[in-house]
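Reckoned from all heavy atoms, side chains included, excluding hydrogens, waters and symmetry mates. In this text the structure is predicted, and so the values were computed from the model without any measurement. Both ligands and their constituent atoms are indexed starting at 1 by order of listing. Numbers here are sequence positions counted from 1.
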Amino acid sequence: MAFLVLLAALLVLAAPPVHVVGQRKGFVSIDCGLDASSGSYTDTQTGIEYEPDDPYIDAGAGENHRLSADYDVYLRRYQTLRSFPSGVRNCYALPTVAGTKYLLRAEFEYGNYDGKNSSSLEFDLHLGANRWRTAKLPEFKDEHEVVFVAWAGWAPFCLVNTGRGTPFVSVVELRPLDAVLYPQAVRPGLFSTTYKRLNMGTSSFIRYPEDPYDRFWYPVENANPRWVNLSAPAGSIQVDITSPVPSVVLQTAVAAAGNDTALTAVTWRDDSEYSFTTLEHYADFQNTQLRQFDSYSGTVYESYKPPYLTRGTLYTVSFKAADGSYNITLVATNTSVLPPMINALEIYLLVPYENPTTLPSDFDAIMAIKKEYGVTKNWMGDPCFPTNYTWDGVKCGNTNGNTTRITSLNLSSSYLHGAVSKNFALLTALQNLDLSYNNLSGSIPDSIPSLTSLRVLNVSGNQLSDDSLCKNYNGSLIVRHDSSKSTCNKKITASRKSTVILVTSVVVAVLVVSAIVLAYFICRAKRNSAVSVVDHTRNAQLEIAPRSRTNQGDHLQDNENRRFTYKDLEKFTDNFKQFIGQGGFGVVYFGHLEDGTEVAVKMRSESSSHGLDEFLAEVQSLTKVHHRNIVSLVGYCWEKDHLALVYEYMSQGNLYDHLRGKIAAAEALNWETRVRIVLEAAQGLDYLHKGCSPPIIHRDVKSSNILLGQNLQAKVADLGLSKTYISDGHTHISATAAGTAGYMDPEYYFTGRLTESSDVYSFGVVLLEAATGEPPLVPGQGHIVQRVKQRVSTTGDIGSVADPRLGAAYDVNSMWKVVDTAMACTAESGAGRPTMGEVAAQLKDSLALEYARDNDDDRSVPASIAASDSAALMMSGFGPSAR
Ligand SMILES: *[C@@H]1O[C@H](CO)[C@@H](O)[C@H](O)[C@H]1NC(C)=O
Ligand SMILES: *[C@@H]1O[C@H](CO)[C@@H](O)[C@H](O)[C@H]1NC(C)=O
Ligand SMILES: *[C@@H]1O[C@H](CO)[C@@H](O)[C@H](O)[C@H]1NC(C)=O
Ligand SMILES: *[C@@H]1O[C@H](CO)[C@@H](O)[C@H](O)[C@H]1NC(C)=O
Ligand SMILES: *[C@@H]1O[C@H](CO)[C@@H](O)[C@H](O)[C@H]1NC(C)=O
Ligand SMILES: *[C@@H]1O[C@H](CO)[C@@H](O)[C@H](O)[C@H]1NC(C)=O
Ligand SMILES: *[C@@H]1O[C@H](CO)[C@@H](O)[C@H](O)[C@H]1NC(C)=O
Ligand SMILES: *[C@@H]1O[C@H](CO)[C@@H](O)[C@H](O)[C@H]1NC(C)=O
Ligand SMILES: *[C@@H]1O[C@H](CO)[C@@H](O)[C@H](O)[C@H]1NC(C)=O
Ligand SMILES: *[C@@H]1O[C@H](CO)[C@@H](O)[C@H](O)[C@H]1NC(C)=O
């Protein structure tokens, strides 16, 4: 239903301009159809600045028009409009803050802009996926408002052609409201559209600046002769500036005249199936005698006494008249001396949603992509609903309650250029992403292939850098690209096939382990024979290559995992002569293989709390895992009383020793080396999480489990506690015990669930150790995360955090990056933490910064860092020559 037609609101009034206080923060005021080149202007009556609509609507949507000359006495904002002769749905994207309450108002002044002198025009108004009103024209002007809580970073306001004329709009205004306003009018699943807002006992129309929220308060059109007008002395009514009703509105009222004991404030008819919400606003200023009445408006409020010189409001949450005939009537009680009165009232129609909406985070992400690339398709309104207006190239699914997800995005041949946006990775339910035949350059951000549900990524026909196409991707991801341009080798790894069921029975276990090892060899053999297969749709687990040739133990490569006897071990270790450490699983001895290769032999001690399960876990993990930053298994021993694992020997100890142990006392690691070590460790962990299928959670990440080889190359060790997911369907493992005090994910305490993010937390602690040189726990001083936070927030100085042994020999930004990354890793909620891939990317940046500081000549970052993934491939046994 149209608002009251009010010429006073429409015409240029003779009234002098109010003293303008300027526009309120958060107002969006759009004069549709205004020529973009003419810019914004300030309305002299309200001080509101109106701007052209171009920034809020896609280029090419609609046409600008001007009213016919007969209407040039109208206010400037009504003089122009935008009409939409083509396209069924056209939308404005209005910027909002999710969770904030808003009033959206659209005004329509036809003014014979098209010279057709139309006598009837109708079109629908949508907010997001749902219709809230039908605009009907032309009378003089139509005007509609909706009160809503923003659900995302954008609120799409759409005009939908329903075949009854060309939609158009003259003015669009968005006003943030205080959260306390309209608590009952904003219910999920319902639009509260303004039906009437009346200021009683006056002839004045009120809006901004008298109403700080810029609501329109209309005078009553045909005042009832049985009413008397009441008016309070100016300033006598005490309400706050942000009051739900401005004092100027409360200052006037109507009361029943003569001896009448009842006052019918408003009547209306509505035959729709919808119900209404009403608000009656009162403020008495005639406190001479008792005024008391019953209010009837769907709800009956008995014996109400309006408050004196301040506001009182009666709400009816849902008002539905069976016969479609509504009224609000006040009846004096028999003890009341004064007649009933009322100052103002508001009536809202509650329109239910017809459709679910796209999940807000998906909506925000795709809007960001749209803005970033300037996508011009029919990308307006809600991406998924209504279903007959869905966006080209967007497919939706996974509807859950009132929200749905974007599951497929096809931007093939869409003239995209520039870098591949990280915003694609915000569409976390994406299964298909087709970016083919665009002009994208640079590399694919790690976060995209890391999307857990992503199955197909098509980047063919772009100018992407080769190294980005050669990364190790999530096991089941198919990446389509131009193989002819790519220098990476393509192999299908075998590791995913060796899923193993652990059985505690020793006899069965022996068979199982043999089977794993056997399967591994068989698959490896297969892989080797398939090495030259170049396929488009590769399963890109490229880093599952044998141990790197650059390793300290080059020749280890020739030794497949071997089964040794206890006698062999005695021989290698010279009867366990050189004890080098104690792990969770048992003691570790130094040894030499027959060919002189140095190894570490880890014996399961009798007292070890770790049993056969852990042993099996480690064998299982290590036979599957081959990465330059994961310690390699050379072989194992399994005899009746002896379980042992034989690793490559890491001659330089571990990170803990270098930060705080004996070695540290002798020589502190410089910052560049520390960052390089943690970067390498991060790459190892990223590989466990994303390069292995099923993923492996280390569960005991700490500085003493980051081992260092010659040249201080870092490798993650001690996978004895690590676990794999039981199946792809599982998203976490329930574990009974894991980790080391100080490194343990606090979320794990509460949930008992371990995910990759638990490793990320522990790794964050390692990062802080590397930055500060301090242990995680200092008795009496709390945990390292708290200590660092405290220091950063009180001093704001990274120098207060950095290890004093570094002196000033570090790049400040590089240090900040590591500390910031550590803080992100140690976020309380696992969901808020980055992935190891993201962590590694940050550390790469940090290393580049430090490297630049340390190398003032213009050598760039060493290739092994800048393109570490492809570099590793080159060095692996299956380098480019294999293609
Ligand atoms: C427009 O239509 C109205 C009646 O609907 C008529 O009175 C008026 O003269 C028309 N104006 C023009 C310019 O055709
Ligand atoms: C979903 O919509 C229905 C009405 O359509 C509403 O009752 C319900 O509260 C809504 N749920 C959420 C989570 O918004
Ligand atoms: C009350 O005020 C309205 C609006 O100014 C006016 O139309 C009406 O005649 C007034 N009523 C009385 C009884 O004066
Ligand atoms: C109001 O009632 C009183 C007595 O009940 C009567 O004298 C008076 O005339 C009435 N006034 C009107 C305007 O009806
Ligand atoms: C107001 O509504 C009530 C209930 O529907 C009805 O009984 C009454 O007659 C109505 N009053 C007026 C003045 O319309
Ligand atoms: C006032 O009305 C109530 C019922 O609404 C009745 O019980 C009471 O007797 C009445 N009082 C007078 C003085 O009429
Ligand atoms: C979309 O569907 C609605 C109802 O399902 C229908 O009224 C409308 O005409 C359809 N629009 C288009 C463009 O098909
Ligand atoms: C994307 O759209 C193009 C045509 O524009 C089509 O050839 C291609 O198959 C689509 N991709 C997917 C994954 O559906
Ligand atoms: C692709 O981008 C490059 C570099 O920005 C540019 O030279 C080339 O003309 C673009 N090609 C197309 C088809 O837009
Ligand atoms: C991109 O690759 C996917 C998977 O192979 C395929 O379905 C899609 O059609 C490809 N897109 C184009 C435009 O060829």
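Here the CG-OG1 distance, from Asn229 to Thr252, works out to 8.0 Å after rounding to the nearest 0.5 Å. To the nearest 0.5 Å, atom CG of residue Asn343 and atom OG of residue Ser231 are 10.5 Å apart.
Contact atoms of ligand 10 toward Ser436: 11 (N), 12 (C), 13 (C) (distance under 4.0 Å to a heavy atom of the residue). The distance from ligand 10 to the heavy atoms of Ser412 drops below 4.0 Å at these ligand atoms: 13 (C). In the vicinity of Asp434, heavy-atom distances shorter than 4.0 Å reach the ligand 8 atoms 1 (C), 8 (C), 10 (C), 11 (N), 12 (C), 13 (C). Proximity to Val456 (heavy-atom distance under 4.0 Å) selects the following atoms of ligand 10: 3 (C), 4 (C).
When atom types are taken as modelled, the side chain of Tyr389 and the backbone of Asn378 share no donor-acceptor pair closer than 3.5 angstrom. Within the 3.5 Å criterion, the main-chain N or O of Leu440 finds a donor-acceptor partner in the side chain of Asn462.
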Take Asp43 and Arg77 through the test side chain to side chain contact (heavy atoms under 4.5 Å, CB included) and record every step on the way to the result.
CA-CA 9 Å; Asp43 176 61; Arg77 59 183 171 278; 3.3 Å; yes
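Of the protein's heavy atoms, Asn229 ND2, 3.4 Å lies nearest to atom 14 (O) of ligand 3. Looking at atom 5 (O) of ligand 3, its nearest protein heavy atom turns out to be Ser203 CB, 3.4 Å. Counting only heavy atoms of the protein, atom 1 (C) of ligand 8 lies nearest to Asn410 ND2, 1.4 Å. Among all protein heavy atoms, the one lying closest to atom 7 (O) of ligand 3 is Ala223 CB, 4.0 Å. Regarding atom 4 (C) of ligand 3, its nearest protein heavy-atom neighbour is Thr202 O, 3.5 Å. Here the protein heavy atom with the shortest distance to atom 13 (C) of ligand 3 is Trp227 O, 3.4 Å.
The closest side-chain donor-acceptor pair between Tyr208 and Glu210, if any, does not fall under 3.5 angstrom.
Inside a 4.0 Å radius of atom 11 (N) of ligand 3 there is at least one protein heavy atom.
More than 12 heavy-atom neighbours from other residues, nucleotides or ligands sit within 6.0 angstrom of OH on Tyr308.
The N/O atoms of Lys395, backbone and side chain alike, include none that comes under 3.5 Å of an N/O atom in ligand 8.
Considering every non-hydrogen atom in both Met341 and Phe293, the closest pair reads O-CZ, 3.6 Å.
Looking at Tyr301 and Glu280, their side chains never come closer than 4.5 Å, going by heavy atoms from C-beta outward.
For atom 6 (C) of ligand 10, the nearest non-hydrogen atom from the set Asn458, Leu435, Ile478 comes from Asn458.
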